[in-house]
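In what follows, chains are A, B, ... by sequence order, proteins preceding strands, each numbered from 1. Below, all heavy atoms of this structure are taken into account, side chains as well, without hydrogens, waters or symmetry copies. For clarity, every value in this text was computed on a predicted model and none was experimentally measured.
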Amino acid sequence: MMNPTVAILISALATIITRLLPYYAGWLERLPRFFAKSLRLLPIAALGPLIFPGVLLDYPDRWWAGLGGIAIASLFAWRKNGMIIPILLSIATTWALLAL
Amino acid sequence: MERPLTFTQGCRDGLPIFIGYFPTALAFGLVCRDLGLRTWQAILFSVSNFAGSGQFLAASLMGSGALLAELFISVLLINMRYMFMGAELARKLDPTIKGWQRPLIAFGTTDEVFSVAVLNPSPLPAPYLFGLEGISYLGWVSGTATGFLIGMVLPPLLQLAVGVTLYALFTILLTQQVRQKGLKALALAALSGTIHTVLTVVLSVPVGWSFVISMLSATFIGALIIDEEAI
């Protein structure tokens with residue numbers, strides 16, 4: 001694994017650049033519409049690869065343990081807002097599936 | 001009567017953000033613990049980044065052994081929306097705000113802070129923004145530390161199960177997007193997830209680059225197909 005402190009600071013640098021730039025670069029206000037629309041889609045498109053295939057590969061002998069966890073999280077998040085309950089239920093489900 | 005935009009008012013407006021951030025940061029603290037970071041590194045993460053999705057993405061890439069360049073580009077891309085929020089917020093700032101205060105205000109701009117701040121009439125004074133951003137920052141950093149400390153007392157099998165936290169969190173975010181924006185959001189995420197799976201598992205492309213490629217190609221295809229109003 002890369003040096004975690006360096007990685008954390010690199011991530012901070014990338015974040016700070018995006019936040020500071022608009023205060024010093026006027027051209028950002030004149031970007032084409034297609035680009036602006038793409039930027040709204042980008043965070044949604046990021047979610048797919050953040051879930052798959054990692055959730056299956058992290059539990060190589062019991063791939064269904066992670067899958068069961070996120071299925072429960074999704075089910076509860078669909079019915080109600082809030083994060084902590086679906087996350088706790090997801091951990092509990094994966095825990096149970098690993099312990100079985 | 002218009003509300004005076006004081007520091008105290010900023011803190012008051014930021015309180016719901018504090019309450020919202022704390023549990024999410026708690027989950028992030030657990031993720032840091034799962035990654036094998038030290039306490040101070042987990043806190044440094046939230047202190048120096050202060051960005052929800054960017055941090056979760058960086059943590060995920062660190063765990064999968066991506067390169068620093070891959071991490072840098074991915075975090076830059078996912079945080080690009082801050083440029084547009086910043087451009088909008090910069091226009092509404094009180095023109096008397098001093099040069100050294102601007103970078104501080106810029107640093108504290110998150111999705112939630114932005115959406116609360118721009119609802120106020122302009123010009124926005126610095127003390128109000130410092131209150132609003134400060135209380136949100138406090139929620140994010142203290143939540144991370146608390147989550148990390150909770151993670152330390154868990155038994156081993158439960159610690160393994162806690163590894164699902166990050167995936168659960170992304171799944172919840174996706175579910176919320178699907179609820180708000182319909183099945184198009186799901187189709188978009190499914191497309192990028194499929195591209196990423198094929199690239200990494202079948203073609204053995206390094207995970208960080210594969211992430212960038214799948215995210216950008218799905219976004220491009222999505223922007224071509226999906227209507228402006230649907231997003």
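- Side-chain contact between B:F170 and A:I70 is absent, with no heavy-atom pair separated by less than 4.5 Å.
- Of the listed residues (A:L50, A:I51, A:T94), the greatest number of heavy-atom pairs within a distance under 4.5 Å of chain B belongs to A:L50.
- Listed here is the closest heavy atom pair of A:A14 and B:L76: O-CD1, 3.4 Å.
- Of all the heavy atoms in B:L188 and A:A45, the pair that sits closest is CD2-N, 3.9 Å.
- Between the side chain of A:R19 and the backbone N or O of B:M83 there is no donor-acceptor pair closer than 3.5 Å.
- Taken to the nearest 0.5 Å, the CD1 atom of B:I226 stands 10.0 Å off from the OG atom of A:S38.
- A pairwise comparison of heavy atoms in B:A58 and A:S11 identifies CB-OG, 3.5 Å as the closest pair.
- Annotation: maximal heavy-atom pairing with chain A below 4.5 Å, among B:A66, B:A59, B:S74, occurs at B:A66.
- Pairing each heavy atom of A:P53 with each of B:T200, the nearest pair is CG-OG1, 3.8 Å.
- Chosen from B:P103, B:A27, B:G108, the residue pairing most often with chain A at heavy-atom distances under 4.5 Å is B:P103.
- Scanning both residues, A:P4 and B:L37, for their nearest heavy atoms gives CB-CD2, 3.4 Å.
- Contact of A:I16 with chain B is made through the side chain alone, with heavy-atom distances under 4.5 Å.
- The closest side-chain heavy-atom distance from A:I44 to B:K181 is below 4.5 Å.
- Side-chain N/O atoms of B:Q41 and A:T5 include a donor and acceptor closer than 3.5 Å.
- The CD1 atom of A:I10 sits 12.5 Å away from the CD atom of B:E70 when rounded to the nearest 0.5 Å.
- Using a 4.5 Å heavy-atom threshold, the side chains of B:L157 and A:W95 count as touching.
- Within the 4.5 angstrom heavy-atom criterion, atoms from both the backbone and the side chain of B:F220 approach chain A.
- Counting heavy-atom pairs closer than 4.5 Å to chain A, the top residue among B:S217, B:A218, B:G86, B:S210 is B:G86.
- Contact count against chain A (heavy-atom pairs under 4.5 Å) is highest for B:S192 among B:S192, B:S214, B:A168.
- For chain A, the option among B:V212, B:L68, B:I78 with the highest count of heavy-atom pairs below 4.5 Å is B:L68.
- Heavy-atom neighbours of A:Y23 OH from other residues, nucleotides or ligands within 6.0 Å: above the threshold of 12.
- Using a 4.5 Å heavy-atom cutoff, the side chains of B:T194 and A:F52 are not in contact.
- More than 12 heavy-atom neighbours from other residues, nucleotides or ligands sit within 6.0 angstrom of CG on B:L224.
- Within the 4.5 Å cutoff, side-chain heavy atoms of A:L42 are placed close to those of B:L216.
- There is no contact between B:L186 and chain A, counting heavy-atom distances below 4.5 Å.
- A distance-only check finds a donor-acceptor pair linking the side chain of B:N49 to the backbone of A:A12 [under 3.5 Å].
- The most heavy-atom pairs under 4.5 Å with chain A, out of B:A223, B:A189, B:G193, come from B:A223.
- Judged by distance alone, the side chain of A:Y59 and the main-chain N or O of B:V164 form a donor-acceptor pair under 3.5 Å.
- Both the backbone and the side chain of B:S48 come within contact range of chain A, judged by heavy atoms closer than 4.5 Å.
- Looking at B:L158 and A:I91, their side chains come closer than 4.5 Å, going by heavy atoms from C-beta outward.
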Trace of the side-chain contact (heavy atoms from CB on, under 4.5 Å) decision for B:Y167 with A:S90 | CA-CA 9 Å; B:Y167 302 113; A:S90 166; over 6 Å; no

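- Contacts between B:L26 and chain A at a heavy-atom distance below 4.5 Å involve the side chain alone, from C-beta outward.
- Options A:I8, A:T93, A:L47, A:L57 differ in how many heavy-atom pairs under 4.5 Å they form with chain B, and the most are formed by A:I8.
- Heavy-atom neighbours of A:F76 CZ from other residues, nucleotides or ligands within 6.0 Å: at or below the threshold of 12.
- Heavy atoms only, all atoms of each residue included: B:L71 and A:A7 are closest at CD2-O, 3.3 Å.
- A donor-acceptor pair shorter than 3.5 Å cannot be found between the side chains of B:T171 and A:S74.
- With a threshold of 4.5 angstrom between heavy atoms, B:A185 approaches chain A through its backbone and through its side chain.
- The choice from A:V6, A:I17, A:I87 that makes the most heavy-atom pairs within less than 4.5 Å of chain B is A:I87.
- Using a 4.5 Å cut-off between heavy atoms, B:T197 touches chain A through backbone and side chain atoms alike.
- For chain A, no part of B:I73 is nearby; none of its heavy atoms comes within less than 4.5 Å.
- The shortest side-chain heavy-atom distance between A:W78 and B:V178 falls under the 4.5 Å cut-off.
- Residue A:R62: no heavy atom, backbone or side chain, is found under 4.5 Å from chain B.
- Proximity of a side-chain donor or acceptor of B:R179 to a complementary backbone N or O of A:A77 within less than 3.5 Å is detected.
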